[in-house]
Amino acid sequence: MPDHGAVAAAVAAVHRQDWGRVLAATVRVCRDLDLAEDCTQQAYAEALERWPDDGIPANPAGWLITTARRRAIDAIRRQATLRAKLPLLVEPIDPWDATAEEVNAVDRLPSNGLSREPARDAIEEVPDERLRLIFLCCHPALAQDAQLALTLRLVCGVPAADIARLLLVSETTMAARITRAKKKIRLARIPFRMPRAADLPDRLRSALGVIHLLFSSGHAAPSGARLIHDDAADRAIALGRLLTALMPDEPEVRGLLALMLVIDARRATRVTPDGNLQRLEDQDRSRWDRATIAEADALIVGNLRAGNPGRYTLQAAIAALYAEAPSYQQTDWGQLVVLYDRLLQIWPSPVVALNRSVPLAMVAGPEAALKVVEEIEEAEALPNYPYLPAVKADLLRRLGRPGDAAVAYRRAIDLTANEVERRYLQGRLDLLGS
Amino acid sequence: MKMAQYAILMYADAVAGSGEEHRRHAEDLRDSGAMIAAFALQSADTATTVSGDTVTDGPFVDAKEVIAGICIVEADDLDAALEIAKANPSARLGGSVEVRPVDGAMIERTL
């Protein structure tokens with residue numbers, strides 16, 4: 001018999017890995033998100049209770065799915081009359097789909113308690129429905145902050161209180177946000193199914209946007225003292241890996257994963273031990289995670305070879321080029337400008353134009369780069385964006401204009417909401433005087 | 001499966017799309033069986049607003065884009081309703097349409 005520690009570890013692992021899968025499989029039989037959540041929660045609680053005596057099943061996720069679905073069927077039977085009046089989640093049963101079959105199979109299970117060992121063949125047959133769940137959570141009819149909260153809650157199984165901490169909002173706000181989103185799903189009938197082929201590019205962009213947002217909130221929290229919220233970044237990368245496994249033919253899914261990996265590989269050196277921001281040129285490259293960078297590189301090279309790289313692939317290629325140079329000075333600035341130009345063609349964003357000015361300064365000199373930055377500033381494309389005056393300040397410093405540089409640093413300090421970034425900029429400002 | 005009903009509210013500063021385009025769109029919807037009802041409204045300068053006992057000239061919301069028409073459709077789910085909304089001439093030709101689920105006491109269709 002496994003001891004409680006081993007069971008707790010097994011349950012925690014299957015929680016992290018398969019919560020969304022268990023939930024999605026349960027939604028398919030009950031078409032009710034709240035009920036599916038309750039039953040999924042119950043199944044994990046039962047696992048903690050029963051696995052010490054029964055042993056950890058060979059297929060823990062399958063055991064949980066079968067258990068959660070049975071709990072859902074029990075609840076449906078108890079509430080049959082009540083349910084008839086409730087709007088259920090829309091999930092069209094396609095003739096070529098195994099759903100009806102599955103529902104009937106679960107229906108035939110004994111409803112009074114569980115058999116000791118769920119039939120293994122029944123377990124193996126349950127398809128992975130997490131993609132439907134992801135597309136439901138990331139439906140464009142929901143606000144992006146709601147998409148992110150729902151994804152963390154339903155796909156990753158993160159408790160609402162932890163999501164609130166991760167996204168720097170109060171627990172009440174987060175609970176209300178999730179409740180509101182679920183209400184809209186129910187009443188507006190946002191369907192639990194794969195998007196139509198014609199809608200897929202849009203819907204995928206929305207899902208990738210949510211994962212990227214989660215990663216960015218982990219990478220550099222927009223406010224608060226801690227620069228890196230490792231948990232958010234880990235969750236985002238896990239989601240990226242999951243989506244890559246579920247949609248192996250979508251290059252931008254791999255592109256986003258590569259982008260997150262290559263940035264995350266530098267996690268250890270972004271901040272000094274005393275919590276200060278470390279410039280890329282001052283980071284200790286020997287501490288970067290080379291295996292992760294190599295993994296990202298393989299994804300990027302594959303996508304570039306296939307042609308027509310998308311936004312995330314190009315961003316990843318840029319980040320990888322920075323990461324793969326033996327030293328900051330030896331970075332291939334010319335190639336970076338080329339990649340930024342390609343990125344600007346498919347994604348004409350002022351942020352990209354601003355970032356391009358950094359390698360441009362190395363290739364064409366700070367004067368030329370300053371001109372570009374000032375053009376962006378004059379177009380008022382990025383008002384209140386702290387990185388614009390920060391980049392400008394650095395160029396002015398290099399041009400031997402410390403007075404103008406100081407003004408720009410002070411502007412950047414006023415604009416940033418991040419404590420670590422503020423300290424870094426203050427340090428740069430102080431250096432000007434010396 | 002039971003269908004749901006959605007209101008499609010058409011917003012435009014003037015009428016976006018010609019009457020002919022709207023008529024063709026309405027016919028397509030009627031032929032597909034999705035249409036429950038559709039109304040084009042006279043322009044907003046013909047509107048009168050009532051609040052309590054007060055009667056004032058003009059539409060309630062003082063915005064550039066006002067409701068120019070309304071249509072009620074039947075659809076399986078939001079994606080199907082959005083599909084219908086995207087085909088609406090107002091949405092395609094410079095205006096916007098808002099899709100809202102119809103609540104409660106729905107009109108029972110008699111076919």
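Just so it is clear, the structure is predicted and the values come from calculations on it, not from any experiment.
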**Student:** For a quick test of reading the model, state the closest non-hydrogen atom pair linking B:Pro101 to A:Ala188 and the distance between them.
**Tutor:**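 Scanning both residues completely, I find the closest heavy atoms to be CG-CA, 3.7 Å.
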**Student:** Extract all donor-acceptor atom pairs below 3.5 Å that involve side chains of residues 79-89 of chain B and protein atoms in other chains or at least two apart in sequence.
**Tutor:**
from, atom 1, to, atom 2, distance (Å)
B:Asp79, OD1, A:His139, NE2, 2.6
B:Asn88, OD1, B:Ser90, N, 2.8
B:Asn88, OD1, B:Ser90, OG, 3.4

**Student:** Please indicate whether B:Gln42 has more than 12 foreign heavy atoms, meaning atoms of other residues, nucleotides or ligands, lying under 6.0 Å from its CD.
**Tutor:**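 Open.
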**Student:** Check the surroundings of atom CG in A:Asn308: do more than 12 heavy atoms from other residues, nucleotides or ligands lie under 6.0 Å from it?
**Tutor:** no
**Student:** A quick test of your reading: do over 12 heavy atoms of other residues, nucleotides or ligands sit less than 6.0 Å from CZ of B:Arg100?
**Tutor:** no
**Student:** Salt bridge between A:Arg189 and B:Asp76, side-chain N to carboxylate O under 4.0 Å?
**Tutor:** no
**Student:** Just verifying a value: how many Å separate A:Ile185 CD1 and B:Asp77 CG, rounded to the nearest 0.5 Å?
**Tutor:**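 Nearest 0.5 Å value for the CD1-CG distance: 12.5 Å.
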